[in-house]
Amino acid sequence: MQTYTIKPENEHHEGHRGYHGTAIVHSIESCGTVDGPGLRFVLFLQGCLMRCLYCHNRDTWDMHTDKAQELTVEQVMKQVLSYRHYLKATGGGVTATGGEPLLQYEFLRDWFTACREHDIHTCLDTNGYALHYDEILDDLLDHTNLVMLDLKQIDPEIHKVLVGIPNTKTLNFARYLAERNQPTRVRYVIVPGYTDDERSANLLGEFIGGMENVETVELLPYHELGAHKWELCGDEYKLKGVHPPPKETVLKIKEILEGYGKNIIL
């Protein structure tokens, strides 16, 4: 296996905010079907530092909003345990998403630890924006069954246009997962004009081709379902007029990535 070396970016252990045992939660979906295997209890957390042009959860960017609520692990687990039989019967579990859940990684560590004590499958849906590489992150990943990592674009210049910031932290996190041999599913959104070309697909294939921990790649065709949230937040949706990619484009990208030895989910 290829070796990856990651330098800790920060050894401060209190994260981006003082942690008091609660998470700032946007919403909860009790029986999600698209956020990991089986039926999932999905916790949407507030806060994200990326500004993806196609974001369908624009209302999760800010850490504090009028509609956000603070919940403890105990409060969340009370809900999880009421659904655990349904979750387990379908091979499901819980998923942390957002926003960017790693911005509240202390809570995730505590929540996933509690889930694993009840033998509940845990999934981290993340864009890889890890601020700290420390024992808290490692403990979280030790209690994570599956990481679903959004790799939006490998080309750094296109990434900055599409996402608003460099992809350095995301790629470092991907390498760190490979170094840990952490079970990972890569998610790739096919956005016409930004990530739907063969060069971008090959860059992705080259980047993850040697990562044995990446079991599958999930291809997600761009959609416009979250555009209205931008207007509700007082922002302009800049991808107006961009439509989902044709089936032929999706199949071509699938073929390219299969050439790098990866299983593809459509």
Side-chain angles (χ1 to χ4, degrees), residues 23 25-45 56-57 60 73 76-102 104-105 107-128 130 137 139-152 170 173-174 176-178 180-190 204-205 208 211-223 225 250-251 253-254 257-258 260-266:
V25 177
H26 171 272
S27 58
I28 292 173
E29 186 175 355
S30 57
C31 291
T33 59
V34 296
D35 297 285
L39 286 179
R40 314 293 302 182
F41 178 96
V42 186
L43 193 69
F44 293 85
L45 298 174
H56 60 274
N57 287 328
T60 65
V73 170
V76 175
M77 285 304 296
K78 184 178 180 180
Q79 296 188 53
V80 170
L81 292 176
S82 70
Y83 292 102
R84 62 177 169 176
H85 298 300
Y86 300 100
L87 303 178
K88 288 186 177 182
T90 64
V94 303
T95 297
T97 184
E100 174 42 55
L102 282 179
Q104 301 190 58
Y105 77 142
F107 177 88
L108 292 188
R109 185 269 312 271
D110 294 346
W111 181 37
F112 278 15
T113 299
C115 288
R116 292 289 293 274
E117 289 173 355
H118 291 276
D119 194 31
I120 295 172
H121 185 278
T122 55
C123 176
L124 173 64
D125 180 14
T126 176
N127 61 36
L137 178 65
D139 201 13
L140 164 60
L141 293 175
D142 286 344
H143 290 88
T144 300
N145 292 109
L146 175 66
V147 175
M148 294 196 303
L149 177 63
D150 297 326
L151 290 182
K152 301 171 189 295
T170 297
F173 188 69
Y176 190 66
L177 295 176
R180 288 176 50 91
N181 198 29
Q182 185 91 32
T184 299
R185 176 193 299 181
V186 165
R187 288 181 135 186
Y188 184 71
V189 181
I190 303 172
L204 175 62
I208 65 175
M211 295 181 173
E212 297 176 5
N213 65 307
V214 175
E215 301 169 342
T216 56
V217 178
E218 184 175 2
L219 298 181
L220 302 170
Y222 162 82
H223 62 73
L225 299 180
V250 177
L251 293 178
I253 292 175
K254 176 178 181 288
L257 294 175
E258 285 176 336
Y260 290 91
K262 300 303 177 184
N263 297 316
I264 308 301
I265 298 176
L266 297 178

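FYI, the numbering just counts along the sequence from 1.
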Student: What is the minimum heavy-atom distance between Gly36 and Met148, and which atoms define it?
Tutor: N-CE, 3.7 Å
Student: Tell me the side chain to side chain donor-acceptor pair (under 3.5 Å) pairs involving residues 77-96, sequence neighbours left out?
Tutor: Arg40-Thr95
Student: If the condition is ring-ring contact (aromatic ring centres under 6.0 Å, His included), which residues does His143 pass it with, not counting sequence neighbours?
Tutor: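 Partners of His143 by the ring-ring contact (aromatic ring centres under 6.0 Å, His included) criterion come out as none, since no residue qualifies.
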Student: Give, for atom OH of Tyr188 and atom CG of Leu257, the distance between the pair rounded to the nearest 0.5 Å.
Tutor: 7.5 Å
Student: Side chains of Gln182 and Asn213: is there a donor and an acceptor less than 3.5 Å apart?
Tutor: no
Student: Just say parallel, tilted or perpendicular for the rings of His56 and His223, cut-offs at 30° and 60°.
Tutor: tilted
Student: Answer yes or no: is there a side-chain heavy-atom contact under 4.5 Å between Val76 and Phe107?
Tutor: yes
Student: Could you verify whether a donor N or O on one side chain and an acceptor N or O on the other, from Asn263 and Thr216, lie under 3.5 Å apart?
Tutor: no
Student: Taking C-beta and beyond as the side chain, do Tyr176 and Leu141 meet within less than 4.5 Å on heavy atoms?
Tutor: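 They are in side-chain contact.
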Student: Would you mind reporting whether Leu124 and Leu102 have side-chain heavy atoms less than 4.5 Å apart?
Tutor: yes
Student: Quick one: list whatever passes side-chain contact (heavy atoms from CB on, under 4.5 Å) with Leu220, sequence neighbours left out.
Tutor: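 Residues passing side-chain contact (heavy atoms from CB on, under 4.5 Å) with Leu220: Arg187, Val189, Glu218.
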Student: Do Lys262 and Val214 make a side-chain contact, defined as non-hydrogen atoms from C-beta onward lying under 4.5 Å apart?
Tutor: yes
Student: Quick one, Glu100 with Thr126, criterion side chain to side chain donor-acceptor pair (under 3.5 Å). Give me CA distance, side-chain angles, the key distance, then yes/no.
Tutor: CA-CA 6 Å; Glu100 174 42 55; Thr126 176; 2.7 Å; yes
Student: Of all the heavy-atom pairs spanning Ala174 and Leu149, show the shortest one and how long it is.
Tutor: CB-CD2, 3.6 Å
Student: Once salt bridge (Lys or Arg N to Asp or Glu O under 4.0 Å) is applied, do any residues pair with Lys254, and if so which ones, sequence neighbours excluded?
Tutor: Glu258
Student: Sub-3.5 Å donor-acceptor pair from the side chain of Thr144 to the main-chain atoms of Leu146, do we have one?
Tutor: no
Student: Side chains of Val186 and Asp150: closer than 4.5 Å at any heavy-atom pair?
Tutor: no
Student: A side-chain contact here means heavy atoms from C-beta on lying under 4.5 Å apart; do Met77 and Cys115 qualify?
Tutor: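 Yes. Closest side-chain heavy atoms under 4.5 Å.
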Student: Could you report the tightest heavy-atom contact between Pro101 and Ala96, atom names first, then the distance?
Tutor: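 Here Pro101 and Ala96 meet closest at CG-O, 3.7 Å.
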Student: What closest approach, in Å, do Gln104 and Ala23 show between heavy atoms, and which atom pair accounts for it?
Tutor: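 Taking every non-hydrogen atom into account, OE1-CA, 3.3 Å.
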Student: For Asp139, enumerate each residue passing the salt bridge (Lys or Arg N to Asp or Glu O under 4.0 Å) test, keeping only those at least two apart in sequence or located in another chain.
Tutor: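 For Asp139 the salt bridge (Lys or Arg N to Asp or Glu O under 4.0 Å) partners, ignoring immediate neighbours, are Arg109.
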Student: For a quick test of reading the model, state the closest non-hydrogen atom pair linking Leu39 to Cys31 and the distance between them.
Tutor: CD2-O, 4.1 Å
Student: Nearest 0.5 Å, please: how far is OH in Tyr105 from CG in Leu140?
Tutor: 9.5 Å
Student: Could you state the interatomic distance from CD (Glu117) to CZ (Phe112), rounded to the nearest 0.5 Å?
Tutor: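 One gets 14.0 Å once the value is rounded to the nearest 0.5 Å.
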Student: Among Asp125, Asp35, Ile28, find the residue that satisfies the side chain to side chain contact (heavy atoms under 4.5 Å, CB included) test when tested with Leu43.
Tutor: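 The residue from Asp125, Asp35, Ile28 that satisfies side chain to side chain contact (heavy atoms under 4.5 Å, CB included) with Leu43 turns out to be Ile28.
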Student: Checking Thr60 side chain against Gly99 main chain: does a donor-acceptor pair fall under 3.5 Å?
Tutor: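 At least one qualifying donor-acceptor pair exists.
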Student: Within the 4.5 Å heavy-atom criterion, are Tyr260 and Ile208 side-chain neighbours or not?
Tutor: no
Student: What I want to find out is whether Asp142 reaches Arg116 closely enough, with some N-O distance under 4.0 Å, to be called a salt bridge.
Tutor: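 Here Asp142 does not pair with Arg116 in a salt bridge, since their nearest N and O are not under 4.0 Å apart.
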Student: Work out which heavy atom in Val94 is nearest to a heavy atom in Val80; give both atom names and the distance.
Tutor: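 Smallest heavy-atom distance, with atoms named: CG1-CG1, 3.8 Å.
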Student: Dump the intermediate steps for side-chain contact (heavy atoms from CB on, under 4.5 Å) on Thr113 and Val73, then the final yes or no.
Tutor: CA-CA 10 Å; Thr113 299; Val73 170; over 6 Å; no
Student: Taking only residues two or more places apart in sequence, or in another chain, which ones meet Phe44 in a side-chain contact (heavy atoms from CB on, under 4.5 Å)?
Tutor: His26, Ser27, Glu29, Val42, Asn57, Thr97
Student: When rounded to the nearest 0.5 angstrom, what is the spacing between CG in Leu81 and CZ in Phe41?
Tutor: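 Between atom CG of Leu81 and atom CZ of Phe41 there are 9.5 Å.
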Student: Do Leu266 and Val250 have side chains that approach each other closer than 4.5 Å (heavy atoms only, starting at C-beta)?
Tutor: yes
